[in-house]
Amino acid sequence: MSNKTDSNLYTLLFAIGMVVVVGTLLAFVSASLRPNIDENKRIEKQQNILYAMGVNENDESSVAFVADNKVGEEFSKFITKQLVITNDVEVKEDDNAYLIDIKKEQTNAKEGKERRLPLFIGTKEGKTFYIAPIRGKGLWDAVWAYVAMDENMVVQGAYFDHKGETAGLGANIKERFFMDDFKDEHLLNTSGKFVGINISKSNGDPLNKDKKDNEVDAIAGATITGDGVAAMIKSELKLYVPYFKTLKK
Amino acid sequence: MGLLSKKDRKLILDPLADDNPITIQVLGICSALAITAQLKASIVMTVSVIFVLGLGNVVISLIRNIIPSKIRIIVQLTVVAALVIIVDQVLKAYSYQLSKELGAFIGLIITNCIIMGRFEAFALGNGPWKSFLDGIGNALGYGVILIIVGFFRELLGSGTLLGYKVLGDPITKTGVYAFGYENNGFMLLAPMALIVVGIIIWVQRSRNKALIED
């Protein structure tokens with residue numbers, strides 16, 4: 001290498017130039033792809049909500065969403081109402097409730113501001129589903145879920161996802177063998193009190209035959225992710241209990 | 001272009017066996033341990049590294065004469081990071097499902113020491129075409145080990161391959177599980193990946209004595 005490239009001035013100028021070039025390039029890439037990415041995220045939300053209420057293209061062991069180009073149509077067909085719940089029981093309809101950012105709402109609640117709780121009401125084959133989006137912490141990063149319930153808070157289906165759980169371990173929360181365990185599981189205990197669903201390592205029920213024990217079988221090697229999922233279900237779905245009580249009146 | 005010259009072929013083939021980045025150069029071990037619990041993740045990581053290392057080597061090679069030597073590591077890091085971010089964004093925009101599956105791996109490429117290792121050891125001193133071949137070769141050599149380790153870890157740890165239950169169902173006791181076979185949960189943990197890599201190194205060196213150092 002020549003002496004020219006060793007001088008401090010050259011090094012400094014090169015560094016500045018590099019930052020400008022790379023920064024411009026990345027900003028350009030990001031800005032030009034932004035609309036596509038946002039659209040993908042919106043579609044994904046609709047797909048997740050539909051998945052939880054059983055509108056999907058699953059075969060025996062796969063996780064398959066409604067196709068991207070059909071999702072808008074299916075969403076307006078199956079989701080009959082989108083609600084925003086505030087102060088436990090004040091209900092408002094809002095057709096864009098599915099776009100509410102749960103993370104932002106959680107921050108709002110922490111800062112003492114009002115938290116809006118979105119809830120989607122879907123109808124399929126004469127049955128009504130109440131689908132709640134929830135969000136919590138796994139081992140490495142965020143975990144979230146869409147949980148479809150009936151009016152007695154019995155889970156009818158669930159879709160779990162995560163940002164960065166360990167592949168092969170915690171990441172398995174989005175596999176069928178884990179998600180399907182939640183179906184028909186009760187969120188209330190036998191006396192009707194909300195207890196959530198525990199992810200248990202020792203319930204001796206790996207096939208999850210007992211649906212009223214408020215427990216599903218944990219994933220080996222994913223203890224902290226499992227605990228995070230259980231904590232998320234407990235703290236987040238609890239917020240919907242007052243609304244479900246109003247359904248009983 | 002025609003057929004690759006003998007020298008060029010050596011650049012691609014050497015890293016596959018006798019100069020393998022993982023077993024001989026001992027680079028990229030961290031990601032080899034972290035992501036090989038499933039075969040699919042190994043394959044995906046291999047493809048991503050082929051792309052980033054091939055392209056990165058070319059970029060570094062093109063600018064090798066104007067990089068100030070004092071900050072060359074930072075320049076290399078910037079190139080890898082920029083490439084990785086572009087890959088990530090393009091996937092998110094045009095292949096959202098795939099990008100969700102790759103998720104963390106894309107980011108992990110930045111930490112892969114093979115990339116910095118090859119920039120530093122090869123691309124800084126060689127032309128773009130040679131660097132490209134070296135990048136592809138090393139990424140393939142890395143991938144071969146990743147896939148071998150991923151194959152054994154998923155098969156012995158979960159009893160599946162690419163998600164298919166090739167050994168039967170452990171819960172309903174079909175296939176080999178009917179005879180009392182159990183999955184070995186240890187295989188899913190990182191230390192077992194190190195042991196599998198160790199076994200590969202052992203086999204490789206006992207077959208080719210020239211690789212054994214004094």
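Hydrogens, waters and symmetry mates play no part in the numbers below; they use all other heavy atoms, side chains included. Letters A, B, ... mirror the listed sequences (proteins, then strands); counts begin at 1.
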Winner by heavy-atom pair count (cut-off under 4.5 Å) against chain A, out of B/Ala41, B/Ala82, B/Ala37, B/Ser158
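Max contact count across the listed options: B/Ala82.
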Under 4.5 Å heavy-atom distance to chain B, tell me which part of [X] shows up: side chain, backbone, both or neither.
X        : result
A/Asp217 : neither
A/Glu44  : side chain
A/Phe177 : neither

To the nearest 0.5 angstrom, please state how far the [atom1] atom of [X] sits from the [atom2] atom of [Y].
X       : Y       : atom1 : atom2 : value
B/Ile67 : A/Thr11 : CD1   : OG1   : 11.5 Å
B/Asp88 : A/Leu33 : CG    : CG    : 10.5 Å
A/Phe14 : B/Ile63 : CZ    : CD1   : 5.0 Å

Any non-hydrogen side-chain atom of B/Tyr96 less than 4.5 Å from a side-chain atom of A/Asp68?
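Counting from C-beta outward, B/Tyr96 and A/Asp68 never come under 4.5 Å.
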Would you say the side chain of B/Lys92 lies within less than 4.5 Å of the side chain of A/Asn36, judging by non-hydrogen atoms?
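The answer is no; the side chains never approach within 4.5 Å.
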More than 12 foreign heavy atoms under 6.0 Å from [atom1] of [X]: is that the case here?
X        : atom1 : value
B/Leu161 : CG    : yes
B/Phe152 : CZ    : no
B/Lys10  : NZ    : no
A/Lys211 : NZ    : yes
A/Lys234 : NZ    : no
B/Tyr181 : OH    : yes

Contacting region of B/Gln89 [heavy-atom separation from chain A under 4.5 Å]:
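Contact with chain A is through both the backbone and side chain of B/Gln89.
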With a 4.5 angstrom heavy-atom cut-off, which part of B/Val79 approaches chain A: side chain, backbone, both or neither?
neither
Which members of residues 15-26 of chain A, sorted by number, sit under 4.5 angstrom from chain B on a heavy-atom basis?
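Hits under 4.5 Å: A/Ala15, A/Met18, A/Val22, A/Leu25, A/Leu26.
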For each of A/Ile43, A/Asp141, A/Ile37, tally heavy-atom pairs with chain B at distances under 4.5 Å, and name the one with the top tally.
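That would be A/Ile37.
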Do you know which of A/Glu175, A/Lys41, A/His162 has the most heavy-atom pairs with chain B at a distance under 4.5 angstrom?
A/Lys41
Please check if the side chain of A/Asn40 supplies one atom and the backbone of B/Ala93 the other of a donor-acceptor pair under 3.5 Å.
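Between the backbone of B/Ala93 and the side chain of A/Asn40 there is a qualifying donor-acceptor contact (under 3.5 Å).
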